[in-house]
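Every chain is numbered from 1 and lettered A, B, ... according to where its sequence line falls, protein lines coming before strand lines. Computed from a predicted model, the values in this text were never measured in an experiment.
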2 protein chains.
Amino acid sequence: MLTFTSVLVLNMLESLHSYLGNFVQLTDADIQMINKIFVYRKIKKNELIAEDGKVCNRLLFVNNGYVRFFHFDDNGTEITSDFYFAPTFVTTYTSFLTGLPSHVNVQAMCNMEALELSKNDLNELYEKYPKFERVGRLIAESVAIHSEEHLFMLLNQPAGVRYRKLLEKYPLYINTIPLQYIASYLGITQETLSRIRKSKA
Amino acid sequence: MLTFTSVLVLNMLESLHSYLGNFVQLTDADIQMINKIFVYRKIKKNELIAEDGKVCNRLLFVNNGYVRFFHFDDNGTEITSDFYFAPTFVTTYTSFLTGLPSHVNVQAMCNMEALELSKNDLNELYEKYPKFERVGRLIAESVAIHSEEHLFMLLNQPAGVRYRKLLEKYPLYINTIPLQYIASYLGITQETLSRIRKSKA
DNA sequence: AAAAACCTTTGATAAATATCAAAAAATCAG
DNA sequence: CTGATTTTTTGATATTTATCAAAGGTTTTT
């Protein structure tokens, strides 16, 4: 008998297979194994997936919505440093990889569904299925490219230009993300972003 | 008979082995193979290792000195976006990985020695020696972490704070790198950086 | 539907940083 | 060593952006 939840899980798993399929070809055995080690999770809007000060040992595959990375600077001002949009893997990269406490919080911006893998299970996966080293490498590479793009946007362009480039890059999302979060991602205050938006209207 | 050059090459290779040894344990066979596929190169100060507009198909291991990444913004102003310090691998990451033309130039800041690997040889390496997928993954991960750190430094801190953090992080190098290059890395003009330096003296 | 909480805009002013031009200092090449 | 080139500093001013405070909007909760 298929319960309602199990249908959701199957959908999620299919989505994960298809995502991984972008990186390597999956055999039936691979798929069996994936289905076994990932755990289905529901995540509520605003829930913290990872927290500043804690070591992050989880890797999540999220299928819908998006997450926000943020921290507080020396003055206690909240800074949004990143967004990741589904379908994607999410973790506090630096903490997950180094085993050191995270400097950032990761927050679900919508009610989301996810498949979770622990760091231990991932490492076992790497040992037993070398194919997944490649997946890990390709994903790490895409994370590196993602960061570099954000970096390039911040360097030496006036705030208005940065905002327009962001709009071009994520046309679907930028108008739905609260402005205050986008502002610090662009390295400006929300008041300045509000004025920039107005001036282009 | 050992020529002068061959001694240099042997030193470079040893340095490469030791660098790779941080990521995986190398067997004698691995070492033989590495010695065969990497090519020794001399690079002159100011030489461009990779160029804006061209696809970058080279991966270099450099053993001494450092390189600078730069490009020109919409106003024609030169922007330094990154530094990598030896010992390290160097490539225009995004172009090397995607096969698209690079948006940046990579410039040797000193006379340097390097060991070069082509993209084709690297891909063969990945196919034949899955162990190196792990090396690739770990290096990609460290690149991602490196970018993220630069990003964090730029976000929402006054320029003086950014400069001091940079000094703390690279105490050996910052005072030897021309100020004009550091300025744009920090997202400010050289005049502003000059004044910041003066105010801390 | 009203209250509460949250998010965005507006205005006045202050602070940080950029720009432009030129002088001083350091480095390089012959 | 010395003139040429490059890099850094300085000064005056303009521009951009931040800050603070308050008012409008929106959304969520009860």
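- Looking at the side chain of P178(B), the nearest of the listed nucleotides dT9(D), dA18(D), dT7(D) is dT7(D).
- The pair R137(B)-E141(B) meets the salt-bridge criterion, with a side-chain N (NZ, NE, NH1 or NH2) lying under 4.0 Å from an Asp/Glu carboxylate O.
- Rounded to 10 degrees, the angle between the two end axes of the helix from dA1(C)-dT30(D) to dG30(C)-dC1(D) is 60°, with five pairs used at each end.
- Distance, Q180(B) CD to dT5(D) P: 17 Å, rounded to whole Å.
- Within the 3.5 Å criterion, the main-chain N or O of L100(B) finds a donor-acceptor partner in the side chain of S95(B).
- Ring geometry for F70(B) against F72(B) counts as perpendicular: the plane angle is over 60°, on a 0 to 90° scale with 30° as the lower cut.
- In this model, the phosphate group of dT8(D) is not approached by any side-chain N or O of S194(B) to a distance below 4.0 Å at OP1 or OP2.
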Reading nucleotides 21-30 of chain D from 5' to 3' and marking B where a protein heavy atom lies under 4.0 Å of the base, S where only the sugar-phosphate is that close, and - otherwise, the string is B---------
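- Computed from coordinates, the L193(B) CG to dT10(D) C1' distance equals 15 Å when rounded to whole Å.
- Under the 30°/60° scheme for interplanar angles, the aromatic rings of Y185(B) and H150(B) are found to lie parallel.
- Ion pairing between a basic and an acidic side chain is recognised when a charged N comes within 4.0 Å of a carboxylate O; K44(B) and E47(B) show no such pairing.
- Residue pairs meeting the salt bridge (charged side-chain N to carboxylate O under 4.0 Å, His left out) criterion with at least one member in residues 100-121 of chain A, sequence neighbours excluded, are R41(A)-E116(A), R58(A)-E116(A).
- In this structure, Y181(B) places its OH atom 11 Å from P of dT6(D), rounding to the nearest Å.
- Panel note: side chain S102(A), backbone V55(A); no donor-acceptor pair is recorded below 3.5 Å.
- Taking atom CD of Q157(B) as the reference point, atom C1' of dT17(D) lies 17 Å away to the nearest angstrom.
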Kindly indicate, with the supporting measurements, whether the criterion side chain to side chain contact (heavy atoms under 4.5 Å, CB included) is fulfilled by M112(B) and K42(B).
CA-CA 6 Å; M112(B) 303 191 316; K42(B) 283 199 167 228; over 6 Å; no
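- Per the geometry, CZ belonging to R195(A) stands 12 Å off C1' belonging to dT16(D), to the nearest Å.
- A search for side-chain contact (heavy atoms from CB on, under 4.5 Å) contacts involving H146(A) returns D82(A), Y84(A), Y170(A), not counting sequence neighbours.
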Hey, mind stepping through F85(A) and Y173(A) against ring pair (Phe, Tyr, Trp, His ring centres under 6.0 Å) and telling me if it holds?
CA-CA 9 Å; F85(A) 302 99; Y173(A) 283 97; 3.9 Å; yes
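- For the ring pair (Phe, Tyr, Trp, His ring centres under 6.0 Å) criterion with F89(B), the lone passing option out of F96(B), F61(B), F23(B) is F61(B).
- Bracketed by its first and final contacts, the part of DNA chain C lying under 4.0 Å from non-hydrogen atoms of chain B reaches from dT17(C) to dC28(C) in 5' to 3' order.
- Note: CD1 (I174(B)) to P (dT8(D)) measures 13 Å, nearest angstrom.
- In this structure the side chain of D30(A) reaches within 4.5 angstrom of the side chain of Y129(A), judged on heavy atoms.
- Of all the residues in residues 73-85 of chain B, not one reaches under 4.0 Å from DNA chain C with any non-hydrogen atom.
- Using cut-offs of 30° and 60° on the angle between ring planes, the pair H71(B) and F152(A) is parallel.
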